[in-house]
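Right, one structure below, let's go through it.
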Amino acid sequence: MPAAAPPAVLLIQTAFIGDVILATALLEYLHRTEPDTPVDFLVRRGNESLLKGHPQVRQVLVWDKKQDKYQGLLRLLGHIRRSNYGRVVTLQRFASTGLLTAFSGAPERVGFDKNPLARFFTRTAPHVLEAGVHEVTRNLRLLAPDYQGPVVPPRLYPSADDEQAAAEAVAAAGGGPYICIAPTSVWFTKQFPEQQWLKLLAALPPDYTVFLLGGPPDTAACQRLLEQSGRPGSVNLSGRLSLLASAALMRGAMLNYVNDSAPMHLCSAVGAPVCAVYCSTVPAFGFGPLSPFSRIVEIEGPLPCRPCGLHGHAACPLGHFRCAHDIRTEQLLAVLGQAQGGMVNG
């Protein structure tokens, strides 16, 4: 008789797109260390497409936070309890996912010690922002408390359809070399300002096509950049590609200019060359890019008010937003030069 499969693991990450992408590093770690263990993954509605066709995920569970939020949470809890998971691991520090973990019925219930329901977990891990420690490593310590190894990159798996959509976008633009810019962010103070992006668009070499990327809510901002720049060879793809198709497109770019936001993590998950522009936040928080070619651009020299918070703000608290406006276009162009040099040397 073949040996029975180990009890399944449920990973819970119902936060933003970037958080789910970073959590895929745990899928890679589990696949490497426990290849026979089935793994399910719980996300918020809207993020399930990230895991479509993921070879290390048995089943994707979805929580709709916008419709019947708390009834849906209780239905999920019932489903989780009936599923007889061996381990339930929440990567969040909120009571809702703590509830799913604490009362899952799983023999192992794991989460961060800051979760309000952590006293009902069988094991907790600290979540401390330490310089040089990436969020991926903090998450990995939920699975391996003493983990000290290298950062395990997150990974996404674009499908053949995603690859084709990316290839068609490139072909429609002439098929030459290209640069991607993802100019927006949910948080104002994480977003490089429009006038700064316009300076970059004006300075980029004319032989590159520039693709502007984002979701449907970002389409208007990307179109405004396109029209105000007047740059030939620029294409607004915002809202026209899936997340995985966008990742496939970014992987083939000479360089991707992004904010400290989800597109940076998309690059990390497919090894796409990336230049991450940091405004109010700082890399020391541990959410930086993990691509083989990764560069960070930020204000030169210290600024007393920076960082002004772990996340972002709807406006600069002091009104000047120097952490963004004092970044020079030359800093961004220098990264492109390094990427081009790497391509030549490679």
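No experiment lies behind these values; they were computed from the predicted model shown. In this chain, numbering begins with 1 at the start of the sequence shown.
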**Message:** Apply side-chain hydrogen bond (donor to acceptor under 3.5 Å, both in side chains) to residues N236 and Q223 and explain how you reach the verdict.
**Reply:** CA-CA 6 Å; N236 181 5; Q223 187 62 27; 3.1 Å; yes
Residues passing the side-chain hydrogen bond (donor to acceptor under 3.5 Å, both in side chains) test with T97, sequence neighbours excluded, are T90
Donor-acceptor pair, side chain of Q228 and main chain of L225, under 3.5 angstrom: no
Before accepting this row, confirm whether a basic side-chain N of the pair R45/E48 lies closer than 4.0 Å to the acidic partner's carboxylate O.
yes
side-chain hydrogen bond (donor to acceptor under 3.5 Å, both in side chains) pairs touching residues 252-275, sequence neighbours excluded, are D260-T281
Flag, side chain of Q331 to backbone of E298, donor-acceptor distance under 3.5 Å
yes
Note to self: Using modelled atom types and a 3.5 Å cut-off, is there a donor and acceptor pairing between side-chain atoms of R138 and backbone atoms of V133?
What the structure shows: yes
One should read off an interatomic distance between Q195 CD and L200 CG, to the nearest 0.5 angstrom, of 13.0 Å
*Charged N to carboxylate O below 4.0 Å: is that the case for E130 and R141?*
yes
Original post:
With no hydrogens and no angle check, do the side chains of Y157 and R155 hold a donor and an acceptor under 3.5 Å apart?
Top reply: yes
Check E194 with K199, please: is the shortest side-chain N to carboxylate O separation under 4.0 Å?
no
Residues at least two apart in sequence or cross-chain that pass side chain to side chain contact (heavy atoms under 4.5 Å, CB included) with D113, listed by chain then number, are T124, P126
Sub-3.5 Å donor-acceptor pair from the side chain of D162 to the main-chain atoms of S159, do we have one?
-> yes
**Asked** So, H311 side chain and K190 main chain: donor-acceptor pair closer than 3.5 Å or not?
**Response** no
d(L243 CG, I21 CD1) to nearest 0.5 Å is 7.0 Å
| said: When you compare the side chain of L156 with that of L266, does any pair of heavy atoms fall below 4.5 Å? | reply: yes
